[in-house]
A.B. asks: 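One structure coming up, written as C-alpha cells, with questions to follow.
Only this structure's heavy atoms are used, side chains among them; waters, hydrogens and symmetry mates stay out. This one's a predicted model, so the numbers in the text were calculated from it and none came from an experiment.
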Amino acid sequence: MFKKLLASVGIGSAKVDTQLVSDQILPGEEVRGKVVIQGGGSEQQIDKINLFVMTEAVREKDDRKVYEKVTLGSFVVGESFSIREGESKEVDFQFRMPVHTPPTLGRTKVWVQTGLDVPSAIDPTDKDFVRVLPHPFMKTVLDALTNVLGFHLRKVEMEYSRRHRYVQEFEFYPSNEFRRDLDELEAIFFMQEDRVEVILQIDRRAKGLGGLFAEALDMDENFVKVSFSRTDLERGPAFIAEELRSVISRYS
C-alpha cells in the first residue's frame, strides 16, 4: 500500500520516452514511432497514452510579449494496461501530422509531447522536438516570392491573431522590383488538402504628403487574400510568381 501511495504522488512512478522513426517531418505526412514505458517502484495502471503535436505563439498581454503553448493535434495511442515494477513496455504508433503544422523556420518550434494518463498520479511526460519542412504547397509559394520575385525573408514567427487565433506570419523585405513601392510584405498561409490560401499584407511606401498622411493613419496597408489550387501549384513557382506580381502591383 505504501508503494502505491508513493506512486500516486509521482514518486517512483512510471517513466515515458517517445522515439520517432524520423525527426524531420512534412505536414500531412505519416509519423511513426514507439512509446517506451518503464515501470517505476510499484505496479501502475495506465489508462491511455496521449500524443500532442505542439508549438508556441507570441501574444501581447499588458504591453508585454508572452509565449503560449498551442496544441495543433492530439492522438490516443494503445489501450488501457498495467505496468509492473521495473517492467518495460513498447507501444508502436502512427499518426498523420496535421496539414496546418507550421514549418520550423525562424523562431517557430514544434514538438511531440507524450503523456501517460495515470489515475490519481502526476502524469509522466516526454517532449521531442522535430524539424518540420514547409508543406509542398507552401514551399512553391515561398519559392515564387523569394527565388523568382526576389523578396528577402526577414522574420518568421507564430503569433496570436484575434481573427484567426494562432497563425505563422512571414515578413519579407521588398525585392528590387518593388523597393520603391513597398516597405514590407507579410504573408499568412492557410493550408488545405487540395489548395492553399494566402493572406498578403501589402505595406505601401509613403509617397508625397498624401502618402505620409496615409502612413500616419495606418491607411497604407492592404490585406489581400489569394488562393492557389493544387493544379495552379503544380505549374510551379514561375506561374505562381506571375499571379503574385499582378496582385502586389495592383495594391502597391
Side-chain angles (χ1 to χ4, degrees), residues 26-28 55 57-60 68 70-73 97-108 110 132-175 177-207 211 214-215 217-252:
L26 270 173
T55 187
V58 67
R59 183 172 184 171
E60 295 278 352
E68 299 180 333
V70 181
T71 301
L72 301 168
M97 183 64 80
V99 71
H100 58 273
T101 304
T104 49
L105 300 173
R107 299 178 182 179
T108 307
V110 175
V132 181
L133 303 176
H135 187 283
F137 293 173
M138 180 188 289
K139 186 177 185 305
T140 299
V141 178
L142 290 175
D143 285 347
L145 286 168
T146 57
N147 296 339
V148 182
L149 295 179
F151 283 88
H152 302 282
L153 187 58
R154 176 172 63 185
K155 179 183 174 183
V156 185
E157 190 169 46
M158 287 290 297
E159 297 182 357
Y160 173 79
S161 162
R162 277 182 288 183
R163 183 173 181 181
H164 303 292
R165 293 288 291 165
Y166 298 99
V167 295
Q168 187 179 40
E169 187 174 83
F170 292 74
E171 293 183 8
F172 299 89
Y173 284 120
S175 61
E177 180 179 351
F178 291 102
R179 185 164 294 159
R180 295 183 61 185
D181 299 316
L182 301 183
D183 280 330
E184 68 175 10
L185 178 75
E186 297 180 6
I188 299 172
F189 293 81
F190 295 91
M191 305 304 306
Q192 299 180 30
E193 296 295 335
D194 61 345
R195 66 195 308 103
V196 59
E197 292 185 348
V198 187
I199 293 180
L200 297 175
Q201 180 179 330
I202 303 169
D203 189 354
R204 300 191 305 275
R205 185 177 292 278
K207 297 176 183 177
E215 189 172 71
L217 297 172
D218 289 332
M219 296 171 58
D220 60 330
E221 297 175 349
N222 282 293
F223 292 86
V224 185
K225 180 160 67 173
V226 292
S227 181
F228 299 108
S229 68
R230 182 188 299 273
T231 302
D232 294 333
L233 294 156
E234 286 175 349
R235 298 178 71 173
F239 174 80
I240 299 300
E242 285 305 312
E243 298 296 308
L244 291 170
R245 176 181 280 119
S246 175
V247 170
I248 296 168
S249 298
R250 195 180 315 143
Y251 291 93
S252 61

A.B. asks: Report, as yes or no, whether the 6.0 Å neighbourhood of atom CZ on Arg154 holds more than 12 heavy atoms from other residues, nucleotides or ligands.
C.D. replies: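 It does: Arg154 CZ has more than 12 such atoms within range.
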A.B. asks: Rounded to the nearest 0.5 Å, what separation is found between the NE2 atom of His135 and the CG atom of Leu142?
C.D. replies: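 It is 12.5 Å, given to the nearest 0.5 Å.
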A.B. asks: Going by heavy atoms in the side chains, are Val148 and Leu244 under 4.5 Å from each other?
C.D. replies: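 Counting from C-beta outward, Val148 and Leu244 never come under 4.5 Å.
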A.B. asks: Heavy atoms only: give me the nearest Phe178-Ser249 pair and the separation to one decimal.
C.D. replies: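 What the structure gives for the nearest pair is CE2-OG, 3.6 Å.
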A.B. asks: Would the Phe189 and Phe137 ring centres measure less than 6.0 Å apart?
C.D. replies: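 For Phe189 and Phe137, the ring centres are not under 6.0 Å apart.
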A.B. asks: To the nearest 0.5 Å, how far apart are CG in Asp181 and CD1 in Ile202?
C.D. replies: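 The CG atom of Asp181 sits 11.0 Å away from the CD1 atom of Ile202.
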A.B. asks: Distance-only, no hydrogens or angles: does the His100 side chain make a donor-acceptor pair with backbone N or O of Leu72 under 3.5 Å?
C.D. replies: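 Looks like yes, one N/O pair under 3.5 Å.
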A.B. asks: Is it the case that atom OH in Tyr173 sees more than 12 heavy atoms from other parts of the structure closer than 6.0 Å?
C.D. replies: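 At most 12 heavy atoms, drawn from other residues, nucleotides or ligands, come within 6.0 Å of this atom.
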A.B. asks: Taking the six-membered ring for Trp and the single ring otherwise, decide whether the centroids of His164 and Phe190 are under 6.0 Å apart.
C.D. replies: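 Yes - the distance between ring centres of His164 and Phe190 falls below the 6.0 Å cut-off.
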A.B. asks: Does any part of the side chain of Gln168, heavy atoms only, come nearer than 4.5 Å to the side chain of Thr108, both counted from C-beta?
C.D. replies: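 Touching, per the 4.5 Å side-chain cut-off.
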A.B. asks: Is the closest side-chain heavy-atom distance between Phe239 and Glu234 below 4.5 Å?
C.D. replies: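 Phe239 does not reach Glu234 side chain to side chain.
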A.B. asks: Between atom CD of Gln201 and atom CD of Glu171, what is the distance when rounded to the nearest 0.5 Å?
C.D. replies: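 Answer rounded to 0.5 Å: 8.5 Å.
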A.B. asks: Measure the spacing between CG of Leu133 and OG1 of Thr101 and express it to the nearest 0.5 Å.
C.D. replies: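 Interatomic distance, Leu133 CG to Thr101 OG1, rounded to 0.5 Å: 11.5 Å.
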A.B. asks: Heavy atoms, side chains only, cut-off 4.5 Å: are Leu145 and Ile240 in contact?
C.D. replies: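 Contact flag for Leu145/Ile240 side chains = no.
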A.B. asks: Go through the steps to decide whether Glu60 and Tyr160 satisfy the test side-chain contact (heavy atoms from CB on, under 4.5 Å), and finish with yes or no.
C.D. replies: CA-CA 8 Å; Glu60 295 278 352; Tyr160 173 79; over 6 Å; no
A.B. asks: Over all heavy atoms of both residues, which pair between Pro174 and His152 is shortest? Give the atoms and the distance, please.
C.D. replies: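 Distance-wise, the nearest heavy atoms are O-CD2, 4.2 Å.
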A.B. asks: Show the nearest heavy-atom pair for residues Ser175 and Phe151, with the distance to one decimal.
C.D. replies: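 Closest approach of Ser175 to Phe151: CB-N, 3.7 Å.
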A.B. asks: Is there a side-chain contact between Thr146 and Phe170 (heavy atoms, below 4.5 Å)?
C.D. replies: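 No - every pair of side-chain heavy atoms lies 4.5 Å or more apart.
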A.B. asks: Above 12 or not: heavy atoms from other molecules or residues under 6.0 Å from NZ of Lys225?
C.D. replies: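 Not buried by this count: 12 neighbours or fewer within 6.0 Å.
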A.B. asks: Which heavy atom of Pro27 sits nearest a heavy atom of Pro134, and at what distance?
C.D. replies: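 Distance-wise, the nearest heavy atoms are CD-C, 4.4 Å.
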A.B. asks: Could you check Leu149 against Glu177 for side-chain contact (heavy atoms from CB on, under 4.5 Å), going step by step and ending with a plain yes or no?
C.D. replies: CA-CA 8 Å; Leu149 295 179; Glu177 180 179 351; 4.3 Å; yes
A.B. asks: Report the distance from atom CG of Leu153 to atom CZ of Phe172, rounding to the nearest 0.5 Å.
C.D. replies: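 The distance works out to 5.0 Å.
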A.B. asks: With side chains defined as the heavy atoms from C-beta onward, is the minimum distance between Thr140 and Val196 less than 4.5 Å?
C.D. replies: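 SC-SC contact between Thr140 and Val196 ruled out.
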A.B. asks: Taking all non-hydrogen atoms of both residues into account, name the closest pair between Arg230 and Glu193 and its distance.
C.D. replies: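 Shortest heavy-atom separation between Arg230 and Glu193 comes out as NH2-O, 2.8 Å.
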A.B. asks: Closest approach of Gly73 and Pro98, non-hydrogen atoms and distance?
C.D. replies: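 Here Gly73 and Pro98 meet closest at CA-CG, 4.2 Å.
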A.B. asks: Do Pro102 and Val132 have side chains that approach each other closer than 4.5 Å (heavy atoms only, starting at C-beta)?
C.D. replies: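 No, every pair of side-chain atoms sits at 4.5 Å or beyond.
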A.B. asks: To the nearest 0.5 Å, what is the distance between CZ on Arg204 and OH on Tyr251?
C.D. replies: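 Between Arg204 CZ and Tyr251 OH, I get 11.0 Å after rounding to 0.5 Å.
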A.B. asks: Leu182 versus Ile248: any side-chain heavy-atom pair under 4.5 Å?
C.D. replies: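 Yes, at least one pair of side-chain atoms sits under 4.5 Å.
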A.B. asks: Do the side-chain N and O atoms of Asp232 and Ser229 include a donor-acceptor pair separated by under 3.5 angstrom?
C.D. replies: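 There is such a pair between these side chains.
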